[in-house]
A.B. asks: 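Got a structure for you, written out below as structure tokens; questions coming shortly.
Here is the naming used below: chain letters follow the sequence lines, and residue numbers restart at 1 for every chain. When reading the values below, keep in mind they use all heavy atoms of this one structure, side chains included, and skip hydrogens, waters and symmetry mates.
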Amino acid sequence: MSTHPLCQEQTFSTIFRTYADTVFNFVYYKSGDKEQAKDITQEAFMKLWQNCASVTLESAKGYVFMTARNKMFNNFEHKKVQLKFANLNHSERTNENPEFILEVKELHQKIEEAISNLPEKQRIVFLLSRIDKLTYKEIAKILDISKQAVEKRIYNALDTMRKINKNIR
Amino acid sequence: MLHKWYNNTLTEDELKEFKLRDEYDDLVKIKENTDHLETPTFDKEKMLTAILNDSTKNKPSNVIKLHWFKYAAAITILIASTIFFWPNDKITKFNTSHGDYVSAEFPDNSIFELQGNSSLKFDKETWSQKRIVFLEGNAIFEVVKGPEFLVKTQNGDVRVLGTKFEVNESMDTLEVSCYEGNVEVNIFTKKITEQLLANEKLLSVGESTIIQKSELVKLKSVTLNQLIQELQQTFDVIINKSNININEKLSCNFQKQNLANALETSIKTLGINYSIENNTVTLTK
């Protein structure tokens, strides 16, 4: 009998490198806590590694996300979430005049604020889509909800963001 | 339409129409400004190395990897009179107080769940050759295939090859519940040998023994009161026992399918008559 594919270090490493960021982000979107996101990511993949023999290659992704989800249910006391993002788009244009840079910074802060203020369900779906560029289908699978639910949450997130933006202005 | 725009799949005509909406400007702003956001980064390679070098990981042989759970394991429970002496230096010990609960893994990934008011200890160093757990109280085990796995209690020993079961012991009580696989219980002092399959249970309290099999219930030197309790539970009836000495002892078996048959083979053997009315059984001398 051959060794199970997931138990080979090389295969496992590939899986890890492919999904680690998304798992990390997923937890981060929910908690806004970088350290916790790191811990849970590590724990989730650790569990996959320990149980490599009983998980198929196809279900590895789902397994890791499920583990991360469960760990979060167990771990969280939800405090107010404050997410921080770097914005590559704007940091590229450093030669603009100072006034413009300030404006951009302000806008960026507003966006961060607005995202942090989104209800948790909308926030996670919205960011998985915006930042991780996952399709609706992929998000639905990770969160174990329907594609329609993802659509609804994206719609609501855009709507909420719009309202929050109006208030800030 | 919004979703089509959001995912950049609008046709040109549709886009023209969409642009006429009031909220279009806002939406574009939101979308543009969230297009290039980056989350905090972390050292992935460092994490990967930590995971791959995880020392708690053990690699069982291929057969076990794929099939250990399929092996219906035979378990032997022995009542032993020997008391075990443990060297104190290399022992891993877990204690729980009332209402407490601990779940952890043995070095080979076998799992135990220690319930409240219990203590459990084992020798880490010799674990790979001989898996011995000393238990006081109540614990659930899920054992991976490997060398002999022995749970020692003051009331008896449980020997395992790979299954999920629960042992609960205290004072003069031994309770064994089998969840997966099968178990063989040997109580030498009572000359009892019993195979337990999944969801079957053995309870030994002092002299009396109650064995709940899937089809029938076996009772050995129980009081009439214990029998009545079992009957009430099994058939969900109320048994009216006025005028009867409920401390009388007896041994009997009864099938779980039919109440009348069960009463015939149990209560009747004591010379007690019964009558059944709806959900109530009345016993008369």
A.B. asks: Identify whether the distance between the nearest side-chain nitrogen and carboxylate oxygen of A/Arg162 and B/Asp25 falls below 4.0 Å.
C.D. replies: no
A.B. asks: Which residues, numbered in order, of residues 15-26 of chain A come under 4.5 angstrom of chain B by heavy-atom distance?
C.D. replies: A/Phe16, A/Arg17, A/Ala20, A/Asp21, A/Phe24, A/Asn25
A.B. asks: Would you mind listing every salt bridge (charged side-chain N to carboxylate O under 4.0 Å, His left out) that reaches into residues 145-156 of chain A, with sequence neighbours excluded?
C.D. replies: none
A.B. asks: Given heavy-atom pairs under 4.5 angstrom as the criterion, report whether the side chain, backbone, both or neither of A/Tyr136 touches chain B.
C.D. replies: side chain
A.B. asks: Where on B/Leu2 is there a heavy atom nearer than 4.5 Å to chain A: the side chain, the backbone, both, or neither?
C.D. replies: side chain
A.B. asks: Could you pull out all residues at least two apart from B/Gln115 that satisfy side-chain contact (heavy atoms from CB on, under 4.5 Å)?
C.D. replies: B/Tyr101, B/Glu113, B/Asn138, B/Ile140
A.B. asks: Does the side chain of A/Phe45 come within less than 4.5 Å of B/Leu48's, by heavy atoms?
C.D. replies: no
A.B. asks: Do A/Lys133 and B/Asp35 have side-chain heavy atoms sitting under 4.5 Å apart?
C.D. replies: yes
A.B. asks: For B/Asn7, which atoms come within 4.5 Å of any heavy atom of chain A: side chain, backbone, both, or neither?
C.D. replies: side chain
A.B. asks: Tell me which donor-acceptor pairs under 3.5 Å the side chains of residues 137-146 of chain A have, and how far apart each pair is, sequence neighbours excluded?
C.D. replies:
{"from": "A/Glu138", "atom 1": "OE1", "to": "A/Thr135", "atom 2": "N", "distance (Å)": "2.9"}
{"from": "A/Glu138", "atom 1": "OE1", "to": "A/Thr135", "atom 2": "OG1", "distance (Å)": "3.4"}
{"from": "A/Ser146", "atom 1": "OG", "to": "A/Ala149", "atom 2": "N", "distance (Å)": "3.1"}

A.B. asks: Does the side chain of A/Ser129 come under 3.5 Å of the side chain of B/Tyr6 through a donor N or O and an acceptor N or O?
C.D. replies: yes
A.B. asks: If every non-hydrogen atom of A/Ile115 is compared with every non-hydrogen atom of B/Thr34, which pair is closest and at what distance?
C.D. replies: CD1-CG2, 4.1 Å
A.B. asks: Ignoring hydrogens, what is the shortest heavy-atom contact between B/Thr39 and A/Tyr29? Give both atom names and the distance.
C.D. replies: CG2-CE2, 3.6 Å
